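Below you'll find the structure, written out as structure tokens, and then a few comments.
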Amino acid sequence: MRGIVKAVDNVSFSLEKETVLGIAGESGSGKSTLAWSIMGLPPPPGRIIGGRIFIDGIDVLSLKEEERRRKILWQKVSMVFQGAINAFNPVYTIGYQIAEPLMLHRGYSKKEALQKAVELVKSVGLNPDVIHRYPHELSGGMKQRAVIAMALVLDPPLLIADEPTTALDVVVQAQILNLLKKLKFERKLSVILITHDLSVIAELADYVAVMYAGRIVEYGPIEEVYNNPRHPYTQLLLSSIPRLRGTIDKLRFIPGEPPDLINPPKGCKFHPRCPFVFDECRVSEPDLITVGENHLARCWLASKR
Amino acid sequence: MAGLGRTLAIQAINSLIILFVILVIISAMFVYLNQKQLEAVVIEATQMFVRNLERNPNLTPEQKEQLAKAFEYNMRVRFGLIGSPVERIFNLMTRLITLDLGNARNAYLGASTSVKDQIVFALKNTIILFTTATIISTIIGILLGMSAARRAGSILDKAVSFAAILSSSIPFWWLGMLMLLAFSFKLGWFPYSAKDVYVAVARLQAMLQAGQLDKLTYFLKYLYTWAYYMALPLITVVILSIGSWAYVTRNIVLSKLTEDFVMTARAKGVPERKVLYGHVLRAASPPIVTIIALSLISSLGGAIITETVFGWPGMGLLYWVSLLNGEAMLLAANVYVTVLLFIIVVFALNFIYAILDPRVRTDAATYTPR
Amino acid sequence: MDNELLTIMLKDPSIILGVNNLKVWYPIRKGLMDYIYRRKQRFAKAVDGISFAVRRGETFCLAGESGCGKTTTGKSLLGLTPITEGNAFFRPRKEVINELQKAGLSTINSDIVDIFRLSWKGLKYVKRDITIIYQDPYGSLNPSATIKDILEEPLLIHSLLKDEEERKEIIYQVLEQVKLTPAADIATRYPHQLSGGQRQRVAIARAIITRPSLVVADEPVSMLDASIRAEILELMLDLKRNLNLTYIFITHDLAVARYICDRIAIMYLGKIVEIGDARRVIENPMHPYTQALVAAIPEPEPKNRLKLREVPIKGEVPSAVNIPTGCRFHPRCVARDKNLERLGDICVKQEPGLTTLNNDERLVACWLYRNSYKLSPEKSS
Amino acid sequence: MPSRKRIKEIFLLFVKSKMGLAGLILLIILASLAVLFPVVGDQEKINNWRNYEYWIDYPKKAPPCWAQRNSFPTQIIAGEDTERYEHEVFRVDDLTVHSYIVRFIVERNTPASMNLRLNVSYNKTTYVYIAIVRPDGQIVNLTNSYESPTLTSMRTVFGVSSSSYNGTVYKNLASYINNPQIANLYISPWLEANNIAVGSTELSVLSSKGSQIIFMKLTSAILTNPELLEGEYKLRVDIISRDESVSTGFVSLSLIGTCYGVLGTDVYGRDLSQAVLYGIRWALIIGLLVAFVSTLAGGLYGILSGYYGGLIDEILLRIAQIIYSIPVLPLLIILSYMLKPSIWNLVGLLIAFGWPGTALVTRSMALQLKEETYVEAARAFGASHGRIILKYILPQTLPYLFASMALGVPGAILTEAAVSFLGLGDPTKITWGRILNEAQASMATVNGYWWWVIPPGLMIMVAGTTFIFIGYALDTVLNPRLKR
């Protein structure tokens, strides 16, 4: 059962300042691995075997570990985690954990840092007294807000939000999404939003990248991709979501099972499940092909047109 | 902090129940099994007393008889042979609790023949030895366990696991015997009998009083003497304790290492050392304390017996001595105090646990419907 | 009360299940201090007096946020949680009734049983006719059993088929029904060898293998990816049609509810606050809570990113131990704040009952609509 | 239920892990030694363990032979070995003499002791003459010789009546010689006759080491720097009686070595290797019995407590917790002291205090398992409590139970050893703890009797490690959570 899993394979994208890129994909498509790798911390035992990452002009992977720690992590890029429940160390107060990077990177005293933490906590809509509380004393929604506060503590230009609302109730989810939206405008943040939920991406993202089997299969401005999806996977995915309004159409779904990443299919990774498959798909894998302004799709069909 | 108080109150009640149960067991065993023996002792002592009385010409036979009866009654009270079995058990329990157990037949080292004195003397020495040993093995064990966890699968890691396995199947006291064979018999580096420390210290004191030593030299020599006599028992206990400390630390730290907050700390740019010793070890400390408390319950007894081998004048040696001399009361008192010591240690560890774990400290046990 | 629902049921044979005033209260463990101060026993009121009826062949939806009591309600129907009060009148299928009567267990009007009053044995018979699908496809299948063992279990429990070959045949047949092919191959596998969607189909196969008439589906798709979710929903609709099933569909996702459900009951803190036709309730919510819930749901609509989402609700869900007085939603109700003059303190003082609105079939428990009450309230749908 | 295929799979995985294989091999060795003791060991020695007479001819406190260079191996010349001694009957004046000359070889070292046994029967005054005839022709008298004015009586040497006796006489010649009086009377005249001066200091050497000096080369340094005279020695024993019908028989001459067997002997001369070997039996019996019964009892207790929950669970949990927190060893000490010291009592007590550990773990497992969705699902589909416990809870706890059974063995062995070490063990049973207790009582550490200390402890360690290996391996193989 051993083998090499290419969790993220040949992914390239760029992100402008003050925009939000949504990365969508189902479980196992490599989204989370991508998130951690952007920070230079691929989840063990994984390794980055190639490629480059530039953040704010700095080549992240060329830096030594120690340098990366001091210059990049949390200063240039911070993260809001999947499963915020466990993102906090249970034995330290929320305040300390929010303030820790300030003491570490900015040389604040504990008092100053905690003061800053109070401000931050207020700005994400929490009562200031949470800084003296322990993680287990907070509800899921409060914890998620605290995690966001922690991510903003050093005012990084880039924020990675990895499934920031999964496992939250809808009302809380809406509140957290509103908070992120507000912060994005107020703080001029660039955000990489990673989620399996296309609806959540629609709430926040300016651009969207759809991932399948460790690759980006479609990329573009969100309106373009949602209203005019060019990759069959994106098309099927969008039409598999039940809607809250309008006519009730029969839902479409993607037949078959997601590919095994140890032994991925030859050619286009999606071809075994694709309703439009033809010979070429089985043989070779297409590149990302420009199908519109800023709009790319990894599909042979797109090139035919 | 209400949570902490409650946790400790519950813990205290539990400890008291355990102590009570053990006292009942010991006392009941005594009352039912040791009675004949004590009965015989009382009769013998009374006969002796009567014989002595006979020689006294100043007393009338009635007075003699009265005195003899009073003597016998007193003896019976002393040995707890008065009243119903329940009363006897109860009496013995109160006497055990207060250590009001009369005199032993033989003196124990520096102490008098009073059972209480002997127990206190032994307890003091046991505490000296085991506190030192625990401090040393904790520090080394945790550092070793951390290093093993950091390099899981390395030779060090395997060695730690193997050492833990070995040390959980080696009796402390047997290792003690080996140490004596190697370092006292073969190499002659350390003394056979640790209890001679008192002789050596007395000699030092005499030299100090005679003006042969200045105070500083005396103090240094005093420390050296203790270290010299304590070294072997200390090393023995430390060697066998490190393994379990290291192994427990390793396992818990390893399980914590995969938790999300560790990745969070790394992403925050916390230096790896601080991640390990600040975040991981701190978060791992409550379960480490719990497991160590549990393992102490099972190993401390064996460790205390180690004293027997080295002649360290603590509770362990007192077991040997009281068994050798057939001093049941002394034995019972010793067992009681050992158990008390255990319970206090475990209670203390639970206290530390409660302080280390905010979930206990702040008690947020609220109902969450599913 | 008791008899009202029963009376309706007796008259209307299309009702398969009538739940009447169900309460599930969990006693809170008393601490030492509680005993010292002689505090009263407190309860977590997971379900606090709900009534509804389900027609044969429909998909009835229980919706709400986590902790609202929807799952507890579902589980109580299978005797999986001890109830405090209430009835669940159920019309089992003929064979089950026959079995019950053979075993000398009494029935109401020879075709209705009260699930909550059944003995263990009686409940066991009923469990052939009511089955459950769980949310978590990873946890609901015994990891150390093969798919065949898992599917065989209900047959063995109810001693339905004595012959192993027969059992095997039916297992293969059910596997094909849930589109797990080749059945013979799937049957020999262990759950961890299947994908999430395949596992959920095994769970569905297990739920239909005893040919039940009522299936409680407890968030059956909420842990699945979007494309698989659609597939499972379609499968469930197919099966319902083919096997003449009735679903109690428990979900937090109103979009899914709108797609699959016929009628819906919105629950908040152990109470039904709104009940009615699923499409109409979701497209035109009346209760302030339903309104908030609908407003909070994100949709794959790119325009949404340009504006903040208005969710008319404040605060957090209180614990089921400390349920607010009066209308339990009032501390979070934005509509109440807006209509405070008209409403006064009635929301704080008195709990609103479910009442039919003049112009609609649906029932709403909210004082906002007290002027539009019909004169004859409380018809259990 | 795990199928046969799965069991085979588990077994293969188990054997594949180094720990599991090591544990299994050790266990097989230990178990076969325990079962096959009558074949590999010497049952007679074990039967006579507490019969100290039996051990007279064994060297006392002797180290194992492999550990001692230049050791004198024990030689026993028995009456049947007719070619190794000569028997002659003759008369001197009115005395009947039965004369025995026993030949033996001394090499590498002197015998640590010499035990002589003879059958004699007489009804008139009888004397005895004993001498050693050395390879260099020297004769060392150990009693008055024929030339001296009086002969040595039977009473002087053998402590039996000189006028009439019928039976076996026994003398430890070494301790007989190592005596100031004998040194003065016989050894020192012999040395002086060979021009070696014996002063008072030399005399004291003689009176403690005379039995060795007589085997040394006759040089001037015989007392200060003795050198072994190797070769064939003869022991001459004459029974000289006024009774013409005196009859005698040579029973044995045991020349006891300075080392013994594989593991040496203890202070009574007992063969430690047998005890150490035999100890395996008791260790396995105690360990397995305690672990099996307490794990089983604890497991059932825990499952029932956890599964049923509520008040029952609360009460059962408290009881288990209290017993679990009791420090067992001190309590065992006092209980063993007061109860009749019997191994079964100890086993009973170990079980009585041993079950809660398993119970607490299985309880929390049951508690967790019954909340598992698939267990609830079984309930939803109508499974009874019995079916759920047997089919869903128990099989899931079995791996833990097996592992904890294995891991419980060392604890029991160790505790028994500790109790026995304190002298509270069953006096009729040979356990490793008891061997060590006797070693400690004989101050083995001070005297450096390492062969008495190391093997039993090593066996405790090996037995413990065996089961820990098995336990850990089982745990990793059977517990998917650890496999991850």
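Protein chains get the first letters and strands the later ones, always in sequence-line order, with residue 1 at the start of each. Given the structure is predicted, the values throughout are model-derived calculations rather than measurements.
- Looking at D:Ile468, the atoms closer than 4.5 Å to chain B (heavy atoms on both sides) all sit in the side chain, from C-beta outward.
- You'll find the side chain of B:Val309 reaches within 4.5 Å of the side chain of D:Phe421, heavy atoms only.
- Of the atoms belonging to B:Val21, it is side-chain heavy atoms, and not backbone ones, that fall under 4.5 Å from chain D.
- For the pair B:Ile18/D:Tyr324, no side-chain contact is recorded, criterion being any heavy-atom separation below 4.5 Å from C-beta on.
- For the set B:Leu175, B:Leu19, B:Leu178, B:Ile305, the entry with the most heavy-atom pairs within less than 4.5 Å of chain D is B:Ile305.
- Considering all non-hydrogen atoms of both residues, B:Gly302 and D:Leu329 come closest at N-CD2, 3.5 Å.
- Taking the six-membered ring where the residue is Trp, D:Tyr472 and B:Tyr247 present parallel rings, their angle staying beneath 30° rather than reaching 60°.
- The contact between D:Leu458 and chain B is made by backbone and side chain atoms together, counting heavy-atom distances below 4.5 Å.
- Around atom CD1 of B:Ile155, no more than 12 heavy atoms belonging to other residues, nucleotides or ligands sit under 6.0 Å away.
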Decide side chain to side chain contact (heavy atoms under 4.5 Å, CB included) for D:Gln440 and B:Trp320; before the verdict, give the C-alpha distance in whole Å, the side-chain angles of both, and the deciding distance to 0.1 Å.
CA-CA 11 Å; D:Gln440 175 69 9; B:Trp320 182 265; 3.6 Å; yes
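- Both the backbone and the side chain of B:Ser168 come within contact range of chain D, with heavy atoms under 4.5 Å apart.
- Per-residue heavy-atom pair counts under 4.5 Å with chain D were compared for B:Asn334, B:Leu331, B:Thr308, B:Ile343, and the maximum is reached by B:Leu331.
- With a threshold of 4.5 angstrom between heavy atoms, D:Ile413 does not approach chain B through any atom at all.
- Residues B:Ile22 and D:Pro327 are in side-chain contact: their nearest non-hydrogen atoms beyond the backbone lie under 4.5 Å apart.
- Heavy-atom pairs under 4.5 Å with chain B peak, among D:Gly357, D:Ala417, D:Gly411, at D:Ala417.
- Neither the backbone nor the side chain of B:Phe20 has a heavy atom closer than 4.5 Å to any heavy atom of chain D.
- Comparing B:Ile304, B:Asn14, B:Leu324, B:Val339 by how many heavy-atom pairs each has under 4.5 Å with chain D, the most go to B:Val339.
- For D:Ala444, the part lying near chain B is the backbone, with the side chain staying farther off; criterion is any non-hydrogen pair under 4.5 Å.
- If you measure heavy-atom distances from B:Ile25 to chain D, the contacts under 4.5 Å come from the side chain alone.
- With values rounded to the nearest 0.5 angstrom, B:Phe172 atom CZ is found 9.0 Å from D:Leu414 atom CG.
- The shortest non-hydrogen separation linking B:Phe185 to D:Thr445 is CB-O, 3.7 Å.
- Here the side chain of B:Trp174 pairs a donor or acceptor atom with the backbone of D:Val453 at under 3.5 angstrom.
- Proximity to chain D (any heavy atom under 4.5 Å) is restricted, for B:Thr338, to the side chain, taken from C-beta onward.
- In D:Phe402, the CZ atom is not crowded: 12 or fewer heavy atoms of neighbouring residues, nucleotides or ligands sit closer than 6.0 Å.
- When heavy atoms are compared at a cutoff of 4.5 Å, B:Ile170 approaches chain D by way of both its backbone and its side chain.
- Most heavy-atom pairs under 4.5 Å with chain B: of the set D:Asn447, D:Ile322, D:Val446, this distinction falls to D:Val446.
- Proximity to chain B (any heavy atom under 4.5 Å) is restricted, for D:Met19, to the side chain, taken from C-beta onward.
- Nearest approach of D:Tyr449 to B:Leu181, heavy atoms of both residues: N-CD2, 4.2 Å.
- Between D:Thr466 atom OG1 and B:Ile165 atom CD1 the span is 11.0 Å, to the nearest 0.5 Å.
- Among all heavy-atom pairs drawn from D:Pro330 and B:Tyr319, the shortest one is CB-OH, 3.5 Å.
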